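Atom set for the values below is all heavy atoms of this structure, side chains included, hydrogens, waters and symmetry mates excluded. Bear in mind that the values here come from a model prediction, so they are computed numbers and not experimental data.
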Amino acid sequence: MRKHATRRWLAGLAVVGACVAASAAPAPAAPASPGASPDAVVTAGFTTSANNVTLAPGGPGRTVVLRVPGDRLRDSYTITVDYGAVDAFAEVSGPAAPACTRAGTVLTCLAYEEDAPDLLSLSVRPRAGAPVGRQGLLRFTVATGRSGTSTTTSTVLVGEGVDLVAGPAVTLTGGPGARLPVGLSVGNQGQETARGAVLLVSAMYGLTPSQRYRNCRYGSRGGLSNWTPNLFVCTFDDEIAPGRVFRVGGGFGVTVPGDVSAPNTQTGTATWFTPQDWADQQPRYTLDQQGTGEVLRLEQVGTRLPVGASRAPQTDVDPADDDTAIELTVTGDQRADLAADEVRITAKVGETVPVTIGYTNRGPASSSNGGRDFYTIVKLTVPKGVTAVKVPKNCLDADIQDEEGGRPGARAYLCYQYDVVRKGGKVALPFSFRIDRAGALTGRTELLYGPTATTDLDPRNDTAKILVNAGSGGQGGDDGTLPITGSPTVLVAGVGGVLLLAGVGSYLVARRRRARFVA
């Protein structure tokens, strides 16, 4: 692999911002706009979607993003946006020519496969005098040369402006197994009473919620980012008058898992939404588990002021102050021992056999649980005389500086893996190898760690050989079977990542990939 390519990927992986998160929540406390979940129509095999937005009279603009969910299409896109239904109360603007051209109230834009999954971003701003309650649809039509046409809509609604503000940052200290209270609060620094609030928490592995409340929903697959497996949203019906502050009560807190790596730093973010703003956001995320415990409540700080009677949908006029950063310093000394798995293949020349490449966590700590122990990369060197004909999507050609995973025929691969792997768990990446040459052939599996110069408990087992026709037994063979060591009791969908650069900074965009985990 080119050295500067390796540095680019690893440097980017080392830059981890504050946790970003959200998911699907219960019905909002305030009335949601009709069609709060974006309408997506499947035509000729692909789907598109666009988020809804709520504007406040005289407030800031919002962004509508048109997306192609899932894997990108190998195609170019012609996009038409009809905004005639919102033009009277909202100003819609997109990229300048030649990317987009305008005719009346229709934008025509071009996008390409490298733009996916986000095909188009539009700025939507309220016009002067926009009346509360007014709404309309943006209508998108996406046409492709080979994949057909897809249509979708986005609802633009004018709501009442309020100004929620999150409480101060929270710092915690505790070792594995500790239960810690988390002091979160929300205030109203606007002129209108806020009717209800929604709390979204996204956090690393060490910040696992101690209880699962009845008015909260939890994600079993984590948030938008692979490094934040703890994701939940709670809804409150309380009315927060101007100048009032409420804190989250009921012993709300987190429990540090007993197998978290230590010492370490774990981070999270708590974000407050109006119910209407959350209704606009929730289709982007998945929270598939309802809490069954007691009701989580807000406790008023100080005297409660009289509340107003307006029932219009509300939107926050200053979302920039709605976040509370959470930081946990994990004390102790506990690490994992990851061992690369040796692979033995017996096959004839010309035969294609399934092969698993991966590693086993020998404990005692879990791996890839955030902070110092952020990620593990599996570097595979394919044996000479062997061709990788089937490659997982989260494995990149080590010699090509792009973000397209799953390319067959490379001499080496870097496979990104972020899911927490507990003691006894195994990562198994499904490849298929074609044997092109007779004789004993040798490749290698190597484990790399980040974001800093991290080592596990026994670096001696971080490399393992891939042996083809070196002796009897092993993977492959005439029956095509694929033995897997460990306890094959639970198969969990794996994840991969794609590294992007933005100016002088770097950031991660996580994608679900088809690695296999055996717990």
Side-chain angles (χ1 to χ4, degrees), residues 1-3 5-10 13 226 338-347 351-361 367-368 375-419 421 425-437 440-450 454-456 459-470 474-476 482-486 494-499 511 513-518:
M1 177 182 183
R2 297 185 183 98
K3 292 183 179 179
T6 305
R7 287 197 300 267
R8 187 187 77 166
W9 279 330
L10 297 183
L13 285 167
N226 291 316
L338 303 187
D341 295 332
E342 183 178 272
V343 175
R344 289 178 173 267
I345 303 167
T346 301
E351 187 177 0
T352 296
V353 294
V355 178
T356 54
I357 304 296
Y359 58 89
T360 302
N361 185 352
S367 66
S368 299
Y375 64 84
T376 302
I377 297 174
V378 178
K379 182 177 181 181
L380 162 65
T381 302
V382 180
K384 292 182 179 180
V386 170
T387 300
V389 296
K390 179 182 177 183
V391 179
K393 289 292 187 180
N394 58 313
C395 294
L396 306 182
D397 184 329
D399 286 323
I400 298 179
Q401 298 180 51
D402 68 2
E403 59 186 64
E404 186 66 32
R407 295 180 184 272
R411 69 170 185 86
Y413 292 93
L414 294 178
C415 302
Y416 297 90
Q417 192 287 117
Y418 305 94
D419 273 3
V421 181
K426 178 181 176 68
V427 171
L429 299 161
F431 284 79
S432 288
F433 285 175
R434 186 185 68 227
I435 312 304
D436 299 326
R437 194 173 72 191
L441 311 173
T442 303
R444 187 173 69 168
T445 300
E446 180 181 1
L447 305 182
L448 308 174
Y449 308 103
T454 305
T455 58
D456 71 353
R460 294 172 299 175
N461 59 24
D462 288 352
T463 60
K465 292 181 179 181
I466 302 170
L467 302 172
V468 180
N469 295 327
Q475 299 184 23
L482 178 60
I484 301 176
T485 60
V495 295
V498 174
L499 182 65
R511 292 182 179 177
R513 293 303 188 196
R514 195 170 47 184
R516 184 169 57 173
F517 301 88
V518 182

Novice: With a 4.5 Å limit on heavy-atom distance, are the side chains of Thr442 and Arg444 in contact?
Specialist: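 Thr442 does not reach Arg444 side chain to side chain.
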
Novice: Is Asn361 reaching over with its side chain to a backbone N or O of Val421, donor-acceptor style, under 3.5 angstrom?
Specialist: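 Indeed, once roles are kept as given, a pair shorter than 3.5 Å links the two residues.
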
Novice: Can you tell me how far apart OG1 (Thr381) and NZ (Lys465) are? Round to the nearest 0.5 Å.
Specialist: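 The OG1 atom of Thr381 sits 13.5 Å away from the NZ atom of Lys465.
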
Novice: Would you check if Val386 and Ile435 make a side-chain contact, meaning some heavy-atom pair closer than 4.5 Å?
Specialist: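 In contact.
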
Novice: State, yes or no, whether a side-chain contact exists between Tyr359 and Thr445 at a heavy-atom distance under 4.5 Å.
Specialist: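 With C-beta onward as the side chain, the pair stays apart.
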
Novice: Minimum heavy-atom separation for Pro383 to Leu441, with atom names?
Specialist: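 In this case the closest contact between Pro383 and Leu441 is CB-CB, 4.1 Å.
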
Novice: With sequence neighbours excluded, what pairs up with Tyr413 under the ring pair (Phe, Tyr, Trp, His ring centres under 6.0 Å) test?
Specialist: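 Tyr413 satisfies ring pair (Phe, Tyr, Trp, His ring centres under 6.0 Å) with Phe431 once adjacent residues are dropped.
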
Novice: Ile466 versus Leu380: any side-chain heavy-atom pair under 4.5 Å?
Specialist: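 Answer yes - side chains close enough.
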
Novice: List the steps, then state whether side-chain contact (heavy atoms from CB on, under 4.5 Å) holds for Asn394 with Leu429.
Specialist: CA-CA 9 Å; Asn394 58 313; Leu429 299 161; 3.7 Å; yes

Novice: Are side-chain heavy atoms of Asp341 and Thr360 found at a separation under 4.5 Å?
Specialist: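 Yes, side chains in contact.
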
Novice: To the closest 0.5 Å, what do you measure between CG (Asp436) and CD (Glu351)?
Specialist: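 Asp436 CG to Glu351 CD: 12.0 Å, rounded to 0.5 Å.
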
Novice: Would you say the side chain of Leu467 lies within less than 4.5 Å of the side chain of Arg344, judging by non-hydrogen atoms?
Specialist: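 Contact flag for Arg344/Leu467 side chains = yes.
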
Novice: Checking Arg437 now: which residues fulfil salt bridge (charged side-chain N to carboxylate O under 4.0 Å, His left out) with it, not counting sequence neighbours?
Specialist: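 Per chain and number, Arg437 pairs via salt bridge (charged side-chain N to carboxylate O under 4.0 Å, His left out) with no residue.
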
Novice: Determine whether a donor-acceptor pair (N or O, by modelled atom type, separation under 3.5 Å) exists between the side chain of Asp462 and the backbone of Leu448.
Specialist: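 No, the answer is negative, given that no donor and acceptor are paired below the 3.5 Å cut-off.
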
Novice: Taking all non-hydrogen atoms of both residues into account, name the closest pair between Ala440 and Ala470 and its distance.
Specialist: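 For Ala440 and Ala470, the tightest heavy-atom pair comes out as CB-CA, 4.5 Å.
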
Novice: Determine the minimum heavy-atom distance between Val353 and Ala347, stating which atoms define it.
Specialist: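 Where Val353 meets Ala347 most closely, the heavy atoms are CG1-CB, 3.8 Å.
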
Novice: Could you give me the CA-CA distance, side-chain angles and deciding distance for Arg434 and Thr352, then say whether side-chain contact (heavy atoms from CB on, under 4.5 Å) is met?
Specialist: CA-CA 4 Å; Arg434 186 185 68 227; Thr352 296; 3.6 Å; yes

Novice: Considering only heavy atoms from C-beta outward, does the side chain of Leu447 approach that of Val378 to under 4.5 Å?
Specialist: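 Yes. Closest side-chain heavy atoms under 4.5 Å.
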
Novice: Could you report the tightest heavy-atom contact between Ala464 and Ala340, atom names first, then the distance?
Specialist: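 Looks like CB-O, 3.6 Å.
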
Novice: I'd like to know if the side chain of Asp456 reaches the main chain of Leu338, judged simply by a donor and an acceptor atom lying under 3.5 Å from each other, with no hydrogens or angles considered.
Specialist: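 The answer is yes, because a donor-acceptor pair under 3.5 Å joins these two groups.
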
Novice: List the atom of Ala398, the atom of Leu414, and the distance in Å for their closest heavy-atom pair.
Specialist: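 Minimum heavy-atom contact is CB-CG, 4.3 Å.
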
Novice: Between Ser432 and Pro354, which heavy-atom pair has the shortest distance, and what is it?
Specialist: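 Here Ser432 and Pro354 meet closest at OG-CA, 4.0 Å.
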
